[in-house]
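Count residues from 1 along the sequence. Keep in mind that what you see is a predicted model, and the values were worked out from it rather than measured. Both backbone and side-chain heavy atoms feed into the values below; hydrogens, waters and symmetry mates do not.
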Amino acid sequence: MLNLTYNYRIYPGLDQEAQMLDWLEQCRRVYNYALAERKDWIGSRKCPVNACSIKQEYIISADAPYPDYYKQQNALTKAKDEIPELKAVHSQVLQDALKRLDKSF
């Protein structure tokens with residue numbers, strides 16, 4: 001039996017390449033913001049009450065839920081209303097960036 005595979009290469013134009021780079025930038029921003037949100041939540045739980053750090057303190061309420069994938073995914077719709085640059089990127093692409101963060105975290 002003979003299996004044939006084909007490889008196709010795309011050659012985007014300058015405007016398409018700029019648009020793709022903008023999408024990558026927006027995904028990077030969403031990923032880094034979600035990562036910082038998770039790190040801040042964890043950092044606020046590590047400090048004992050009687051011996052807090054002198055350098056910095058995290059002020060997050062004790063009853064704030066953990067920012068997991070689903071909470072951050074739901075927050076994307078609000079973020080798209082506030083940040084117009086995110087509207088250019090498809091929602092599944094941004095959700096995939098959050099999914100990669102959740103998988104690696």
Side-chain angles (χ1 to χ4, degrees):
M1 177 175 243
L2 180 66
N3 290 333
L4 296 176
T5 59
Y6 295 98
N7 291 329
Y8 294 99
R9 179 164 166 98
I10 61 170
Y11 297 98
L14 292 177
D15 56 338
Q16 292 173 331
E17 186 177 350
Q19 185 179 22
M20 288 181 207
L21 288 174
D22 185 50
W23 291 346
L24 284 174
E25 177 68 21
Q26 298 308 319
C27 287
R28 181 189 64 81
R29 287 182 180 176
V30 166
Y31 185 94
N32 287 341
Y33 181 81
L35 178 64
E37 193 176 29
R38 289 182 184 212
K39 282 184 164 185
D40 289 345
W41 188 90
I42 290 172
S44 70
R45 300 320 191 252
K46 287 183 177 180
C47 177
V49 175
N50 62 348
C52 289
S53 171
I54 295 173
K55 293 181 183 176
Q56 68 182 29
E57 294 302 325
Y58 298 96
I59 303 173
I60 298 175
S61 65
D63 58 344
Y66 177 70
D68 62 347
Y69 168 71
Y70 298 105
K71 289 181 183 64
Q72 290 178 333
Q73 178 185 356
N74 292 335
L76 276 177
T77 56
K78 295 175 190 171
K80 278 193 165 193
D81 293 336
E82 296 173 6
I83 304 169
E85 292 88 16
L86 290 179
K87 290 183 181 179
V89 185
H90 295 285
S91 59
Q92 290 87 3
V93 175
L94 296 174
Q95 290 171 6
D96 187 47
L98 290 176
K99 195 176 287 183
R100 278 184 267 128
L101 172 68
D102 191 53
K103 193 174 183 179
S104 66
F105 212 79

Checklist entry - Any sub-3.5 Å donor-acceptor pair from Glu82's side-chain atoms to Ala79's backbone N or O? => result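 No: the side chain of Glu82 does not pair with the backbone of Ala79.
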Item to check | Heavy-atom donor-acceptor pair, Trp41 side chain to Ala64 backbone, under 3.5 Å | outcome: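 Yes, Trp41 side chain to Ala64 backbone: donor-acceptor pair under 3.5 Å.
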Can [Y] be reached from [X] by stepping across I, L, V, M, F, W or Y side chains whose heavy atoms are under 4.5 Å apart?
{"X": "Tyr6", "Y": "Leu2", "answer": "yes"}
{"X": "Val30", "Y": "Ile83", "answer": "yes"}
{"X": "Ile42", "Y": "Leu35", "answer": "yes"}
{"X": "Trp23", "Y": "Val93", "answer": "yes"}

More than 12 heavy atoms from other groups under 6.0 Å of [atom1] on [X]:
{"X": "Leu21", "atom1": "CG", "result": "yes"}
{"X": "Tyr70", "atom1": "OH", "result": "no"}
{"X": "Tyr69", "atom1": "OH", "result": "yes"}

Checklist entry - Does NZ or CZ of Arg100 fall inside the cone over Tyr31's six-membered ring, less than 6.0 Å from its centre and within 45° of the axis? => result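 Because its charged atom misses either the 6.0 Å distance or the 45° angle limit, Arg100 does not stack over Tyr31.
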Checklist entry - After noting the C-alpha distance and the side-chain angles of Arg29 and Glu25, does the key distance pass the salt bridge (charged side-chain N to carboxylate O under 4.0 Å, His left out) rule? => result CA-CA 6 Å; Arg29 287 182 180 176; Glu25 177 68 21; 3.4 Å; yes
Measure the [atom1]-[atom2] distance between [X] and [Y] for me, rounded to the nearest 0.5 Å.
{"X": "Gln26", "Y": "Lys80", "atom1": "CD", "atom2": "NZ", "result": "10.5 Å"}
{"X": "Leu14", "Y": "Gln19", "atom1": "CG", "atom2": "CD", "result": "13.0 Å"}
{"X": "Leu101", "Y": "Cys27", "atom1": "CG", "atom2": "SG", "result": "12.5 Å"}

Does [X] reach the side chain of [Y], with side-chain heavy atoms less than 4.5 Å apart?
{"X": "Tyr33", "Y": "Leu98", "answer": "no"}
{"X": "Glu85", "Y": "Asp22", "answer": "no"}
{"X": "Ser91", "Y": "Leu76", "answer": "no"}

Next on the checklist: Apply side-chain contact (heavy atoms from CB on, under 4.5 Å) to residues Tyr66 and Arg38 and explain how you reach the verdict.
Outcome noted: CA-CA 7 Å; Tyr66 177 70; Arg38 289 182 184 212; 3.7 Å; yes
Checklist entry - If you measure from the Lys or Arg side-chain nitrogens to the Asp or Glu carboxylate oxygens, is any gap between Lys99 and Asp102 under 4.0 Å? => result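 No, this pair does not count.
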Checklist entry - Taking NZ, NE, NH1 and NH2 as the nitrogens, is one of them in Asp96 or Lys103 under 4.0 Å from a carboxylate oxygen of the other? => result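 Not counted as a salt bridge, because no side-chain N and carboxylate O are separated by less than 4.0 Å.
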Next on the checklist: Minimum heavy-atom separation for Glu17 and Pro12, please, with both atom names.
Outcome noted: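 The answer is N-CB, 4.2 Å.
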